[in-house]
2 protein chains.
Amino acid sequence: MEMDQSCPGTVEPILEILDSKWMILLLYELFNGNRRFGELRRRLHPISPKTLTDRLRLLEEKRLITRTLYPGVPLHVEYDLTVAGQGLQPIFAAMWTWTQEYGAYLRKESDKAEEETGTVM
Amino acid sequence: MEMDQSCPGTVEPILEILDSKWMILLLYELFNGNRRFGELRRRLHPISPKTLTDRLRLLEEKRLITRTLYPGVPLHVEYDLTVAGQGLQPIFAAMWTWTQEYGAYLRKESDKAEEETGTVM
DNA sequence: CTCCATAGTTCATTTTTTGAAACTATTGCA
DNA sequence: TGCAATAGTTTCAAAAAATGAACTATGGAG
């Protein structure tokens with residue numbers, strides 16, 4: 001994969017996007033076609049509207065989504081992934097694959113208890 | 001990639017690992033064979049020893065690295081990626097690919113200034 | 001001219017994360 | 001005994017992120 005010579009930190013710009021709370025789940029909803037503010041808010045409950053707005057604005061600023069206002073009664077807004085946004089899918093796919101292969105291997109809270117009481121080690 | 005039916009949040013456990021400050025760069029160093037505390041500390045300067053310890057302990061707890069103490073003078077410690085840790089590489093690769101394809105498209109700070117002054121839009 | 005529904009914003013507060021500085025622990029050599 | 005080198009830990013403060021509650025804006029129906 002060749003990240004060896006050149007790029008400490010090359011990959012960080014994406015992490016600045018992905019690594020805030022709710023962002024992964026938000027992108028998941030967008031990938032699945034949930035595009036309206038209220039709908040996203042309900043599905044991500046109990047996210048606060050401020051946080052949801054912050055995330056959407058960041059995605060918009062980074063041009064991973066577009067925001068379209070439809071006037072009318074009631075007015076509504078749709079958020080759509082751009083090509084760059086859709087291009088994130090392989091990253092999610094890789095995470096998903098990793099989770100399939102190794103996720104069960106991750107230590108859970110329950111394991112710690114076991115270890116402390118000597119049940120496992 | 002099929003994350004459609006089943007898995008809102010399936011992928012989050014990884015993010016809990018990747019999304020703290022320094023973690024990406026730390027894993028980068030580990031992938032490249034830098035394994036000792038002092039070495040990591042120097043390469044990630046100005047990381048604080050507390051934060052470096054926190055990150056290493058998290059990776060250890062999640063069983064993505066092992067910690068081996070070598071007694072002697074001076075004593076030293078080595079951190080090595082487990083198979084599960086090495087298995088993260090495709091995720092980094094996907095991020096790297098995305099960055100190649102779309103990274104230049106990400107809005108930078110400088111672009112904002114342009115937009116505000118009307119140079120671009 | 002008030003109401004409903006959507007889509008937010010504002011502000012004070014809490015929670016979480018990060019950091020800096022100073023201190024501890026281990027080992028063997030001089 | 002004291003020192004040098006590694007690898008941390010501890011404590012407290014600072015900074016960043018997230019939250020909750022209440023408020024604003026829009027526009028047509030009644």
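These figures come from a predicted structure and were not determined experimentally. Quick note on labels: first sequence line is chain A, next is B, and so on, each numbered from 1.
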Among dG8(C), dA20(C), dA18(D), which is the nearest nucleotide to the side chain of V77(A)?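 The answer is dG8(C).
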Just compare dT9(C), dT6(C), dA18(D) and give me whichever is closest to any side-chain atom of S20(A).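 My answer, after comparing the listed nucleotides, is dA18(D).
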Check the distance between [N]'s [atom2] and [X]'s [atom1] and give it to me in whole angstrom.
X	N	atom1	atom2	value
H45(B)	dA20(C)	NE2	P	9 Å
L58(A)	dA17(D)	CG	P	11 Å
L44(B)	dA7(D)	CG	P	14 Å
H76(A)	dG8(C)	NE2	P	11 Å
L69(B)	dA5(D)	CG	C1'	14 Å
D19(A)	dA16(D)	CG	C1'	12 Å
K50(A)	dT13(C)	NZ	P	15 Å
R41(B)	dA20(C)	CZ	C1'	11 Å

On the nucleotide [N], are OP1 or OP2 found under 4.0 Å from the side-chain N or O atoms that [X] carries?
X	N	value
K21(B)	dG19(C)	yes
T53(B)	dT9(D)	yes
Y70(B)	dT26(C)	no
R57(B)	dG8(D)	yes
W22(B)	dG19(C)	yes
R55(A)	dA18(D)	yes
T51(B)	dT18(C)	no
R67(A)	dA7(C)	no
R36(A)	dA7(C)	yes

Scan P71(A) against the nucleic acid and name what it touches under 4.0 Å (heavy atoms): base, sugar-phosphate only, or nothing.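 Contact class for P71(A): none.
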Point to revise | L81(B): which of L59(B), L88(B), T66(B), L27(B) passes side chain to side chain contact (heavy atoms under 4.5 Å, CB included) | key: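 Among L59(B), L88(B), T66(B), L27(B), the one meeting side chain to side chain contact (heavy atoms under 4.5 Å, CB included) with L81(B) is L27(B).
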First encountered from the 5' end of DNA chain D, between R42(B) and D54(B) =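 Mapping each residue to its closest nucleotide by heavy atoms, the 5'-most match is R42(B).
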Note to self: Quick check on DNA chain C: between P74(B) and I47(B), whose nearest nucleotide comes earlier from the 5' end?
What the structure shows: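 Final value for this comparison: I47(B).
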- Message: Quick check on DNA chain C: between V73(A) and G38(A), whose nearest nucleotide comes earlier from the 5' end?
- Response: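 Looking at DNA chain C, the more 5' nearest nucleotide goes with V73(A).
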task: Taking all non-hydrogen atoms of both residues into account, name the closest pair between L69(B) and P71(B) and its distance.
output: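 Heavy-atom minimum between the residues: O-CD, 3.5 Å.
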- Item | Where T82(B) and R63(B) come nearest, the two heavy atoms and their spacing |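 Where T82(B) meets R63(B) most closely, the heavy atoms are OG1-O, 2.9 Å.
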Under-4.0 Å salt bridge between E60(A) and R67(A):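 No.
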Does any part of the side chain of R36(A), heavy atoms only, come nearer than 4.5 Å to the side chain of L40(A), both counted from C-beta?
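No; the side chains remain at least 4.5 Å from each other.
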- Under 30°, 30 to 60°, or over 60°: which ring-plane class applies to Y70(B) and H76(B), parallel, tilted or perpendicular?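 Geometry flag for H76(B) against Y70(B): parallel rings.
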